[in-house]
Trainee: 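Please see the structure below; I have some questions.
Lettering of chains follows the sequences in order, A, B, ..., and the numbering in each one begins at 1.
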Amino acid sequence: MPPVLTPQAQDFPRWYQEVISKARLAENGPVRGTMVIRPWGYAIWERLEAAIDRRIKATGARNAYFPLLIPEAFLRREAEHVEGFSPELAVVTHGGGKTLEEPAVVRPTSETIVNSSFARWISSYRDLPLLINQWANVVRWELRPRLFIRTSEFLWQEGHTAHATRAEAHSYALKILEAVYADAMTEELAIPVFRGRKTEAEKFAGAEISWSCEGVMRDGKALQMGTSHELGQNFARAFGIRFSDRDGQLRHVWQTSWGVSTRLLGAMIMVHGDDQGLRVPPRLAPTQVIVLTARAGEGVLKAAKTLIDDLSRVGVRAEPDDRLDISLGRRIVDHELRGVPLRIELGPRELAGGQAVLARRVRNSKETFALRGLAEQVPHILDEDQRELLEQATALRDRRVWRAETLTDAIEIATDGFARVPWRACGPGAEDRMAGAGISVRCLVREDGKPVDDPGDDAVEALLARAY
RNA sequence: CGGGGAGUGGCGCAGUCUGGUAGCGCACCCGGCUGGGGGCCGGGCGGUCGCAGGUUCAAAUCCUGUCUCCCCGACCA
């Protein structure tokens, strides 16, 4: 595997600098391991964010913003939740020049502060379902931050909902997993994902059931790309979120929470990146076509401008590169490193023949096209490349997944990929054994593809892998 | 907290074992050439070798102490 694909500190490729940079802990610096997304990376994120946001809103959810600081006592209300998060909290002890009577934590996630509001907002079944989402940065003081994948501060989307029944909460949690997360990952990021249920050991602190999307990186390791939790009535009881039902009974709400983060950018890099740099899916690329003028000349600049206008007219995001003071090779490499999907080269030579060279980043190919009518073909080429990226990623994934019948075989396989093994065959204590080998159950799935209602069912399989 | 490794011009590194004029690549500056895949030639600027102490005629190099950073593991979107 090309080492360049894994964002290890020792092999930061140059293109990494274009997407993200790591802010170091310094006197004037921010939190250790905080991500700073640079303009090109941010523009990619912005498109991804918009794509996810659209899908979230289509489920009926609305955006809101909640406070950054959470009274410590809120965290303590849900026993498992506080236990899960305590070690990684950043705590504010001073404010206004004085020691605070009660410390406040910087949100690691917002269940507690959101639910303290929900308790006041909900009183009737008519208030349900309440579907709220927020885009926010959160802080988790991880022992060991990892670039892209686990930074101390990260930007994400967290959804919080309240429903009248368990069944409603259940189906909503799955709708988010499927119609929002899996769909955006497949269609926008061009990354295929496994959807499944977390084991008791792996589920979210405070949840009854956690569902997740698991991606397979180029090196065979797993990345949890998104989670959707069924919180049952745990937080409802802790925060007193009750409603009068149709029958006049006072009941606790059933809740969900779910999130995806800038980690998705890490997934994009680790799945699609190659030794030439990043490859950005056309749908997410801030610039889809770079029109590169090879040499100066009266006709050339004009032809480039015309082409860009034509491309814009058919809905393609195109930009010129006419920096003739920089060598051609340098300019080409710049765009390759950033993963701009298409590069069209124009020079006197092409112009004389009424042609242009089209270089496709996804398949690393180069062909000559007639200039006339080229713009109209570009949208189709971009669609094709988007599809091809997904196909490549799917093939890559499928090569990494193997079936096993016993836990021993599965552990062997999972040291270098994914093992799919009957969960029942693993038996009690299986997860401890895996942990010894650096492996974990990424999620539980069913052979028939349906969600896992009962982990004890014969049809349930476990997906084992090493994880980021 | 456990196990490794590294601190040398702006960045990346060699030199340390075996003490003897601090070097290389990139970047930067100047001049010229070149311009269809990270340009070439020549000239230049820039470092009290993490810090403190010690040994020695002489320390980046040996000794003692100390600080910092990175990697692997444990925690995790």
Side-chain angles (χ1 to χ4, degrees), chain A residues 6-15 17 22 24-27 29 32-33 35 83-89 107-111 136-159 181 198 201-205 207 210-215 222-229 257-267 276-277 292-297 300 321 323-337 343-352 355-357 359 364 366 368 435-438 440 442 466-468:
Chain A
T6 322
Q8 306 277 351
Q10 66 270 25
D11 47 41
F12 286 154
R14 271 184 43 194
W15 50 265
Q17 298 292 344
K22 181 176 65 168
R24 288 166 187 276
L25 181 63
E27 280 175 357
R32 170 167 173 263
M35 291 199 315
E83 196 187 325
F85 281 102
S86 287
E88 53 192 60
L89 295 179
R107 62 186 168 209
T109 178
S110 305
E111 272 75 6
N137 45 353
V138 293
V139 169
R140 298 182 185 177
W141 213 271
E142 303 287 356
L143 292 176
R144 199 154 76 81
R146 189 165 203 136
L147 288 155
F148 300 98
I149 302 307
R150 187 164 38 257
T151 43
S152 299
E153 180 179 354
F154 57 93
L155 175 58
W156 75 344
Q157 151 287 125
E158 50 174 324
Y181 292 165
K198 286 292 185 185
E202 295 278 335
K203 73 180 188 187
F204 175 72
S210 287
W211 304 94
S212 80
C213 292
E214 301 285 330
L223 182 69
Q224 180 172 305
M225 291 171 61
T227 46
S228 183
H229 312 289
S257 72
W258 27 279
V260 293
S261 71
T262 39
R263 170 181 279 189
L264 292 177
L265 282 180
Q276 277 71 51
L292 188 136
T293 43
R295 273 166 175 274
V300 177
D321 181 349
R323 301 172 296 167
L324 291 167
D325 53 326
I326 299 174
S327 80
L328 183 78
R330 167 78 63 168
R331 290 152 71 208
I332 288 172
V333 169
D334 275 354
H335 301 120
E336 276 177 353
L337 289 169
R343 181 179 78 243
I344 296 178
E345 296 173 4
L346 269 184
R349 196 184 296 166
E350 285 79 14
L351 221 50
Q355 294 180 319
V357 172
N364 280 322
K366 221 166 159 182
T368 303
S440 54
R442 300 322 303 153
R466 288 183 303 143
Y468 277 104

Trainee: Please report the distance separating the C1' of A77(B) from the corresponding atom of G5(B), rounded so that it comes out in whole Å.
Mentor: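 Looking at atom C1' only, A77(B) and G5(B) are 30 Å apart.
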
Trainee: Contact class for Leu264(A) (heavy atom, under 4.0 Å): base, sugar-phosphate, or nothing?
Mentor: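 Contact class for Leu264(A): none.
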
Trainee: Kindly confirm whether the side-chain ring of Phe154(A) is stacked on the base of A77(B), judged by centres under 5.5 Å and planes under 30°.
Mentor: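 Stack criterion met.
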
Trainee: Nearest of G37(B), G36(B), C76(B) to any side-chain atom of Lys366(A)?
Mentor: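 The answer is G37(B), which lies nearest to the side chain.
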
Trainee: To the nearest Å, give me how far apart CZ (Arg323(A)) and P (G39(B)) are.
Mentor: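 Result: 12 Å.
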
Trainee: Ignoring the backbone of Leu337(A), work out which of G37(B), G36(B), G38(B) is nearest its side chain.
Mentor: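 Out of G37(B), G36(B), G38(B), the nucleotide with an atom closest to Leu337(A)'s side chain is G38(B).
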
Trainee: What nucleotide, of G38(B), G36(B), A77(B), holds the atom closest to the side chain of Glu350(A)?
Mentor: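 From the listed options, G36(B) comes nearest.
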
Trainee: Quick check: does any side chain N or O of Arg263(A) sit under 3.5 Å from a backbone N or O of Ile149(A), one acting as donor and the other as acceptor?
Mentor: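 Yes, Arg263(A) side chain to Ile149(A) backbone: donor-acceptor pair under 3.5 Å.
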
Trainee: Between A6(B) and A14(B), how far is it from one C1' atom to the other, in whole Å?
Mentor: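 One C1' to the other, the span is 14 Å.
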
Trainee: Please identify each residue that fulfils side chain to side chain contact (heavy atoms under 4.5 Å, CB included) with Glu202(A), with sequence neighbours left out.
Mentor: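 With neighbours one apart ignored, the set is Lys198(A), Thr199(A), Glu431(A), Ser440(A), Arg442(A).
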
Trainee: If I take atom CG in residue Leu143(A) and atom P in nucleotide A77(B), what distance separates them, rounded to the nearest angstrom?
Mentor: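 Result: 13 Å.
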
Trainee: Checking contacts here: which listed nucleotide (G39(B), G37(B), A77(B)) is nearest the side-chain heavy atoms of Arg330(A)?
Mentor: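 Among the listed nucleotides, the one closest to the side chain of Arg330(A) is G39(B).
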
Trainee: Quote, to the nearest angstrom, the P distance that separates A52(B) from G44(B).
Mentor: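 So the two P atoms sit 33 Å from each other.
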
Trainee: Is a donor-acceptor contact shorter than 3.5 angstrom present between the side chain of Arg140(A) and the base of C76(B)?
Mentor: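 Such a pair does not exist between side chain and base.
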
Trainee: I'd like to know if the side chain of Arg140(A) and the backbone of Pro108(A) have a donor-acceptor N/O pair within less than 3.5 Å.
Mentor: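 Side chain of Arg140(A) to backbone of Pro108(A), a donor-acceptor pair under 3.5 Å: yes, one is there.
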
Trainee: The side chain of Arg263(A) lies closest to which of these nucleotides: G38(B), C75(B), A77(B)?
Mentor: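 Between G38(B), C75(B), A77(B), the one nearest the side chain of Arg263(A) would be A77(B).
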
Trainee: With rounding to whole Å, what would you report as the distance between G15(B) and C24(B) at their P atoms?
Mentor: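 Result for the P pair: 15 Å, nearest Å.
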
Trainee: Can you tell me how far CZ of Arg107(A) sits from CG of Leu89(A), rounded to the nearest 0.5 angstrom?
Mentor: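 Reported to 0.5 Å precision, the distance equals 13.5 Å.
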
Trainee: Can you tell me how far C1' of G37(B) sits from CG of Asn364(A), to the nearest Å?
Mentor: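 In whole Å, G37(B) C1' lies 13 Å from Asn364(A) CG.
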
Trainee: So which heavy atom on Leu223(A) is nearest to which on Ala267(A), and how close?
Mentor: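 Shortest heavy-atom separation between Leu223(A) and Ala267(A) comes out as CD2-CB, 3.7 Å.
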
Trainee: Write down the distance separating the C1' atoms in U21(B) and U48(B), rounded off to the nearest Å.
Mentor: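 After rounding to an integer number of Å, I get 16 Å for this pair.
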
Trainee: Looking for any heavy atom pair under 4.0 Å, which part of the strands does Leu328(A) touch: base, sugar-phosphate only, or nothing?
Mentor: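 Sugar-phosphate contact only.
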
Trainee: Taking atom C1' in both U55(B) and C70(B), what distance in whole Å separates the two?
Mentor: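 Approximately 32 Å lies between the C1' atom of U55(B) and that of C70(B).
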
Trainee: Using modelled atom types and a 3.5 Å cut-off, is there a donor and acceptor pairing between side-chain atoms of Thr151(A) and backbone atoms of Glu153(A)?
Mentor: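 Answer holds: yes.
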
Trainee: Measuring only the C1' atom in each nucleotide, how far is G10(B) from G46(B)? A whole number of Å is fine.
Mentor: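 One C1' to the other, the span is 9 Å.
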
Trainee: Confirm from the modelled atom types if Arg331(A) and G36(B) form a donor-acceptor pair under 3.5 Å, side chain to base only.
Mentor: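 Absent.
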
Trainee: So which nucleotide from G38(B), A77(B), G36(B) ends up closest to the side chain of Ser327(A)?
Mentor: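 My answer, after comparing the listed nucleotides, is G38(B).
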
Trainee: Kindly express the pairing pattern of RNA chain B in dot-bracket notation, using | wherever a base pairs with another strand and counting only Watson-Crick or G-U pairs under 3.5 Å.
Mentor: ((((((((.[[[[.)....(..]]]].((((((.....)))))).....[[[[[..)....]]]]])))))))....

Trainee: For the side chain of Glu142(A), counting heavy atoms from C-beta on, which of G37(B), C76(B), G36(B) is nearest?
Mentor: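 Side chain of Glu142(A) sits closest to C76(B).
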
Trainee: On a whole-Å scale, what distance lies between the C1' atoms belonging to G54(B) and C69(B)?
Mentor: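 One C1' to the other, the span is 26 Å.
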
Trainee: Closer to the 5' end of RNA chain B via nearest nucleotide, is it Gly347(A) or Gly438(A)?
Mentor: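 Upstream on the strand: Gly347(A).
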
Trainee: Side chain of Thr293(A), backbone of Arg295(A): donor and acceptor closer than 3.5 Å?
Mentor: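 Side chain of Thr293(A) to backbone of Arg295(A): no pair is present.
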
Trainee: Can a donor-acceptor pair be found, under 3.5 Å and without considering hydrogens, that links the side chain of Asp334(A) to the backbone of Glu336(A)?
Mentor: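 Checked: no pair found.
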
Trainee: Given atom CZ of Phe204(A) and atom C1' of A77(B), what is their separation to the nearest angstrom?
Mentor: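 For the pair Phe204(A) CZ and A77(B) C1', the rounded distance is 10 Å.
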
Trainee: For Glu202(A), answer base if it contacts any base atom (sugar-phosphate contacts may also be present), sugar-phosphate if it contacts only those atoms, and nothing otherwise; contact means non-hydrogen atoms under 4.0 Å.
Mentor: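 Contact class for Glu202(A): none.
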
Trainee: Regarding Glu336(A), tell me which of base, sugar-phosphate or nothing describes its non-hydrogen contacts under 4.0 Å with the strands shown.
Mentor: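 If one applies the 4.0 Å heavy-atom cut-off, Glu336(A) turns out to touch a base.
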
Trainee: For Ala294(A), check side chain to side chain contact (heavy atoms under 4.5 Å, CB included) against everything at least two apart and list the hits.
Mentor: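 For Ala294(A) the side chain to side chain contact (heavy atoms under 4.5 Å, CB included) partners, ignoring immediate neighbours, are Leu328(A).
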
Trainee: Once you apply a heavy-atom cut-off of 4.0 Å, does Asp325(A) come out as touching a base, just sugar-phosphate, or nothing?
Mentor: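 Base: the residue Asp325(A), judged by heavy atoms under 4.0 Å, touches a nucleobase.
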
